[in-house]
Amino acid sequence: DEAITVANLAKQMGVKATEVIKKLLLLGLPANINQALDFDTSALLASEFGYEVERAGFEEEEVLQVQQDHPEDLRPRPPVVTVMGHVDHGKTSLLDAIRHSNVIAGEAGGITQHIGAYYVQLDTGDVVFLDTPGHEAFTAMRARGAEVTDIVILVVAADDGVMQQTVEAINHSKAAGVPIIVAINKIDKPDANVERVKRELADHGLIPEEWGGDVTMVEISAKKGIGIDDLLEMVLLQAELMELKANPDKPARGHVIEAKLDKGRGPVATVLVQEGTLREGDVYVCGTYSGRVRSMFNDRGQRITVAGPAWPVEVVGLSGVPNAGDDFVVLADEKQAKAVAEHRQVKQREKELTRTTKVTLEKLYEQI
Ligand code: GTP
Ligand code: MG
């Protein structure tokens with residue numbers, strides 16, 4: 001775990017990396033400049049140059065330790081709701097209806113280009129919505145153990161019924177243990193068949209309440225604005241049952257919803273703050289990168305300086321573009337953040353190298 005790269009070891013010994021690589025070759029260990037060396041190898045190598053290597057023992061868990069919250073520090077927070085469903089079943093239209101603003105108009109060809117994250121203030125309470133472009137991001141997040149969603153709204157078009165991605169969404173939600181509320185959409189269409197949709201959903205284990213099951217199903221038309229209030233009421237009811245809480249009075253932690261390289265601003269990440277409060281100027285580690293919040297923006301592109309639990313914010317000031325699902329942890333100082341990021345980079349490189357080596361060997365065997 002205390003791996004060090006060839007480049008880094010060379011730098012610390014004040015010798016050229018090529019010298020180190022040459023020496024490694026003589027030891028029968030061909031390596032490249034980015035290769036991570038384990039403790040024994042680096043110790044052996046260093047002794048060749050007249051140095052002694054000490055075990056520093058960097059424990060990421062210690063730096064990133066989660067402090068337990070006292071119950072009295074916890075405050076209610078809005079639910080985070082992910083809208084899922086088959087292509088074209090009306091996820092974005094539903095969000096659009098909820099926000100009373102036309103998101104679709106801004107999308108190329110009406111296809112969701114990214115995960116939108118919206119903070120919606122309703123008369124009855126606040127809700128954070130995530131729009132998914134498909135299930136990849138959700139899957140990626142689950143693979144990383146990042147649970148960002150409290151509730152899933154499963155949109156099923158009444159004229160199309162349960163489709164492949166509907167089933168995938170059901171499976172993802174079940175595996176993550178997230179409650180599902182079904183929105184049977186497009187009921188305004190002449191060929192809408194609500195009963196058929198319910199039957200198909202029941203076949204996949206989602207039994208509607210009116211049939212004695214425990215799944216709330218609301219009939220809606222995102223286009224005509226029918227049933228939207230009922231759906232929101234059900235979401236807030238479900239959220240109430242869950243008693244969602246977070247401690248706002250500590251350094252922020254959250255996860256990356258999406259990230260991109262912006263021409264003008266550099267790496268930009270949409271981060272969902274899950275606990276604590278994020279402030280401009282905060283230093284953090286995010287996946288394998290570190291940074292300082294240079295500026296942040298809410299879902300309407302307005303500049304803000306603080307963001308509490310359940311707030312989706314766009315953060316500018318990263319050293320690179322992280323992945324959806326990466327963690328975001330505010331730390332005490334830059335040195336610490338850089339150390340964690342560097343440590344993770346070394347680990348990642350190690351993993352990649354193992355993978356490359358395996359692939360190369362497999363290729364080799366194929367040729368034999
Ligand atoms: P992807 O993001 O591409 O997966 O699609 P989506 O699920 O976000 O669907 P979107 O909201 O883009 O809607 C797809 C199409 O269905 C659009 O042409 C919408 O106008 C139409 N649509 C959505 N909701 C309704 C509805 O309630 N009634 C009718 N008639 N059409 C709808
Ligand atoms: Mg969409």
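These numbers come from the heavy atoms of this one structure, side chains and all, not from hydrogens, waters or symmetry mates. Ligands are counted one by one from 1 in listed order, and the atoms in each one are counted from 1 as well. Fair warning: this is a prediction, and the values are worked out from it, not measured in the lab.
- In D88, the parts holding a heavy atom less than 4.0 Å from any atom of ligand 1 are both the side chain and the backbone.
- In this structure, K186 does not pair ionically with D160, as no charged nitrogen and carboxylate oxygen lie closer than 4.0 Å.
- Residue-to-ligand polar distances place D188 within reach of ligand 1: an N/O pair is separated by less than 3.5 Å.
- Listed by atom number, the atoms of ligand 1 under 4.0 Å from K189 heavy atoms are 30 (N).
- Taking 4.0 Å as the cut-off between side-chain N and carboxylate O, E200 and R196 count as a salt-bridged pair.
- For the residues K186, K91, K224, the heavy atom positioned nearest atom 21 (C) of ligand 1 is part of K186.
- Pairs engaging residues 211-221 under the salt bridge (charged side-chain N to carboxylate O under 4.0 Å, His left out) rule: K198-E219 [sequence neighbours left out].
- Of all the atoms in ligand 1, the ones that sit under 4.0 Å from a non-hydrogen atom of T92 are 2 (O), 6 (P), 8 (O), 11 (O).
- The shortest N/O to N/O separation between G90 and ligand 1 falls below 3.5 Å.
- At a threshold of 2.8 Å, the Mg ion (ligand 2) has a backbone or side-chain N, O or S atom of T92 nearer than that distance.
- Between R77 and D150 there is a salt bridge, since a side-chain N of the basic residue sits under 4.0 Å from a carboxylate O of the acidic one.
- In summary, the side chains of S290 and E334 do not present any donor paired with an acceptor at a separation below 3.5 Å, with no hydrogens or angles considered.
- Of the N or O atoms in A222, one or more lie within a sub-3.5 Å distance of an N or O in ligand 1.
- Taking distance alone, with nitrogen or oxygen atoms compared against 3.5 Å, K223 approaches ligand 1 more closely than that limit.
- Salt bridge present: E280 and R303 bring a charged side-chain N and a carboxylate O closer than 4.0 Å.
- Interface of S93 with ligand 1, defined as ligand atoms under 4.0 Å from a residue heavy atom, comprises 10 (P), 11 (O), 13 (O), 19 (C), 23 (C), 24 (N).
- Counting only residues at least two apart or on different chains, the ring-ring contact (aromatic ring centres under 6.0 Å, His included) pairs with a member in residues 315-334 are Y284-F328.
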